[in-house]
Structures are given as structure tokens and as C-alpha cells.
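The next block holds one structure in the form of C-alpha cells; read it before the comments.
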Number of protein chains: 2
Amino acid sequence: MKLQVAIDLLTTEDALELAGKVAEHVDIIELGTPLIKSAGLSVVTAIKGAHPDKIVFADMKTMDAGELEADIAFKAGADLVSVLGSADDSTVAGAVKAAQAHSKGIVVDLIGVPDKVSRAKEVRALGAKFVEFHAGLDEQAQPGFDLKGLLSAGEAARVPFSVAGGVNISTIGAVQKAGADVAVAGGAIYGAADPALAAKELKAAIV
Amino acid sequence: MKLQVAIDLLTTEDALELAGKVAEHVDIIELGTPLIKSAGLSVVTAIKGAHPDKIVFADMKTMDAGELEADIAFKAGADLVSVLGSADDSTVAGAVKAAQAHSKGIVVDLIGVPDKVSRAKEVRALGAKFVEFHAGLDEQAQPGFDLKGLLSAGEAARVPFSVAGGVNISTIGAVQKAGADVAVAGGAIYGAADPALAAKELKAAIV
């Protein structure tokens, strides 16, 4: 299982600083949606330039203009680009077309999709490299949230998947046990007093 | 009925040039999602600086982190910010909270929402200033697409609404007749040989 750090900061400078601290312990560096909107796709170029050996994930969360949005993100240096599972099939297919042209990959983010298992199978058939079983920051903030529903959906879908939604040192074992290909940690790394140590410990918890 | 130009270009320079040509004929200048992701929110600041008397709409299409994403867009100079109708209620409510703090407005984009009429009422109750009955660029490109379904949904919802989905000189009359508060034109303006003339004619077609 790979470890992905989600960088939900707002400036290229802060993203570069965090990536510099944690890159050696992670496989995938994700530039979060608010960061891309705030700084523009130049943040993807900056991170890929600083870490050419890492997989760089642009969390575009594309809802429309699938081919165009994926194309500009790949041109900026992304290896993986996300499209929303709630987008039209034509949007997912357009993004996959752009990925094929660049020999890169599309990840479909299932945030907000009511029937995640069915949609996971559909978008995999449309050419997604993997799907992300994802509870957003707003959903995580609600009382009673836990990761179990995402993990059981991931297990049931039987397609390659990542899990994002408050993954931390006490839950990463369960994520791996559910069969995830990628565990995504955001606040557990960037919110830690020592982000490098937090990333190192998460990586070490993967068996 | 107000006229909104959707600027689906990719650079701040091109957006400023188009806005300069058409601003006198439109009420709302929309910076498209791919433009914001490509250039960053500085494009919003640049357009608001050049056209302080116009309503500037940042088409953020927010799916998560509603309060944060709306806050950074308002801080950049936006008067209106979009949130996806497929987002969680907590995301819409968070964005509305940010809008209230800035005395600005949230527009909920119903692209991809299966039951647009019901969702329109829900998000209006959550505090959206208006809703956008929207067929995306990918959906418009499909055979057989027409605007009628959006217009009848808009009429049925009985909340303030805009219509976006290939509005042009031959359809803007029907958009107004359906009771829309805002007609959004993108390609009909930016794709025209003379964008200023196209915007002027669309404005003149509003009675």
C-alpha cells in the first residue's frame, strides 16, 4: 500500500516547505483543491520540479470540461488528476482521454456519491486508474463520523482504490486490511507538530 | 434579467482582454473553473480591480471545505462564489457562512444533480442567493442536448435562478420567459468573431 500526503495548505511556498519535510516518507504528493484554486497550476509544476521522483497528484475535483481540465493539469506536471464521481460519464471519459494522451492516470473521487460501490465499478470501466473512497473535510467534521463505511465500501467494490477521510496512525492498519492500494493522510501529517516524523510513522505502520 | 458572461479561457491576460471588450454590456463577469484552477485566484483580483462596478463571479464549483474555499474567493475580490449542488449540506452551509461574513452571495450550481428541482429548494433554504440550472460543456456536447429541460426545471423550482448551458441569441428569449434572474452566456460571447457585439446583442434581446 502506498502512502499519499494531501497538502491542504494555501500557498506554493508552504506546500514546498511541507513537501520538502515529508517527501522521503511518502509515495504520492497530493496538491489539494483549495491550494490549486488559490495558487493556480503553477504549484503542481513547482512541486514536480522539486520532487521529480515522486508521483504528483493534482486534486482538481473536476466536474466539467474533463478533457480540458485534465490536460492542463498533466501539462503542468501532474502524474495523477482527480475527477468527481458525481460528474457526467462524458466528463470522466474526457479526462481519461487526456490521461491516455499523456500516459498518466485519472483518479475518480467518490466524495458525495450516494452509491459509491456501483459508481466505483462504472468509472473503473470508463478507464479510471483507481477510485478514491473519500469523506471530505466537512463530512469528517460532523458528529459521529468514522472511517468504517468507507472501508467496507472499498472492500465491496473490488476495484483498485484509495481511502481518504481522516486516515491517521490509529486507522492506517484498518485501511490496509481493507485492501486499499493507497492511504491518504492529510491533517495527520500537515497538522502534526513534526510532519516528517508523522509521515515516517505512518509509512512504518504499513506492513 | 441580468446577463452574465462566463469567461472560460485559461490566462489572466486573455480574461482581462475579453472582459475589457464586453464589460459594458454585461452585469456579471464570471471567471470559469478551469481559469481559476489554471491561473489561481489572482485572476479574480485582477478582474475585480479592472471592473470594480461589475459583479464578479468566481466559479469555484466547491465540493468540500465550503467555508474555506468561499472565504479565499471572497477575499480575492469575488462578489458571488459557486458551490456544487452535489456537495454535502455542510459544505453549502459553510460557504453561506463565509458569504454572510463578507456580505456577499453563494450560488449553487446544479450541474450533475439528478433531481434539480428538489435540490434547488434545499440549497435555497440553506441560504444560497440563487441556484444555477446548468448543463456543463461536456453535457452540451452530447447529441440531442437542448435547453428545455433546464428551463422547465427552473420554472418548477420557484426560487431565484440562473440558466447556463449554451445560452445564445436564439435561446435567451426563452430563458427570460422561463423566469430566470440571470442568463449565462459563455461560448456565444467568447467564441464570437466580435465578442462585444455578441454581448451587446444578447443584452438588447433582454426585454
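Letters A, B, ... mirror the listed sequences (proteins, then strands); counts begin at 1. Just so you know, these numbers come straight off a predicted model, no measurement behind them.
Between the CG atom in A:Leu84 and the CD1 atom in B:Ile111 there is a gap of 10.0 Å [rounded to 0.5 Å]. The line from CD1 of B:Ile206 to CG of B:Leu3 is 5.0 Å long, rounded to the nearest 0.5 Å. The CG atom of A:Leu150 sits 9.5 Å away from atom CG of A:Leu110, with the distance rounded to the nearest 0.5 Å.
Partners of B:Ala192 under the side-chain contact (heavy atoms from CB on, under 4.5 Å) rule, at least two apart in sequence or in another chain, are B:Ala198. When the side-chain contact (heavy atoms from CB on, under 4.5 Å) test is applied to A:Ala128, the partners found at least two apart in sequence or on another chain are A:Val108, A:Val123. Annotation: ring pair (Phe, Tyr, Trp, His ring centres under 6.0 Å) contacts of B:Phe57 (sequence neighbours excluded): none.
By the 4.5 Å heavy-atom criterion applied to side chains, A:Ile169 and A:Leu202 are counted as neighbours.
Residue B:Ala39 touches chain A through its backbone alone, counting heavy-atom pairs closer than 4.5 Å. Residue contact with chain A, scored on non-hydrogen atoms closer than 4.5 Å, involves the side chain of B:Leu68 exclusively. Residue A:Leu137 touches chain B through both its backbone and its side chain, counting heavy-atom pairs closer than 4.5 Å.
When each of B:Gly136, B:Gly112, B:Pro34 is scored by its heavy-atom pairs under 4.5 Å with chain A, the top score falls to B:Pro34. The candidate with the highest count of non-hydrogen atom pairs below 4.5 Å against chain B, out of A:Leu35, A:Val113, A:Leu41, A:Ile72, is A:Leu41.
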Taking donor and acceptor roles from the modelled atom types, list the N and O pairs under 3.5 Å across chain B and chain A.
unit_1, atom_1, unit_2, atom_2, d
B:Lys37, O, A:Leu41, N, 3.0
B:Lys37, NZ, A:Met60, O, 2.6
B:Lys37, NZ, A:Glu69, OE1, 2.6
B:Ser38, O, A:Leu41, N, 3.2
B:Leu41, N, A:Lys37, O, 2.9
B:Leu41, N, A:Ser38, O, 3.2
B:Met60, O, A:Lys37, NZ, 2.6
B:Asp64, OD1, A:Leu137, N, 3.1
B:Asp64, OD1, A:Asp138, N, 3.0
B:Asp64, OD2, A:Leu137, N, 2.7
B:Ala65, N, A:Asp138, OD2, 3.0
B:Gly66, N, A:Asp138, OD2, 3.0
B:Glu69, OE1, A:Lys37, NZ, 2.6
B:Asp88, OD2, A:Gln142, NE2, 3.1
B:Ser90, OG, A:Gln142, NE2, 3.0
B:Thr91, OG1, A:Asp138, OD2, 2.6
B:Leu137, N, A:Asp64, OD1, 3.1
B:Leu137, N, A:Asp64, OD2, 2.7
B:Asp138, N, A:Asp64, OD1, 3.0
B:Asp138, OD2, A:Ala65, N, 3.0
B:Asp138, OD2, A:Gly66, N, 3.0
B:Asp138, OD2, A:Thr91, OG1, 2.6
B:Gln142, NE2, A:Asp88, OD2, 3.0
B:Gln142, NE2, A:Ser90, OG, 3.0

Should A:Ile47 and A:Leu16 be marked as a side-chain contact (heavy atoms from CB on, under 4.5 Å) after you check the CA-CA gap, both sets of side-chain angles, and the distance that decides it?
-> CA-CA 6 Å; A:Ile47 291 285; A:Leu16 281 167; 3.8 Å; yes
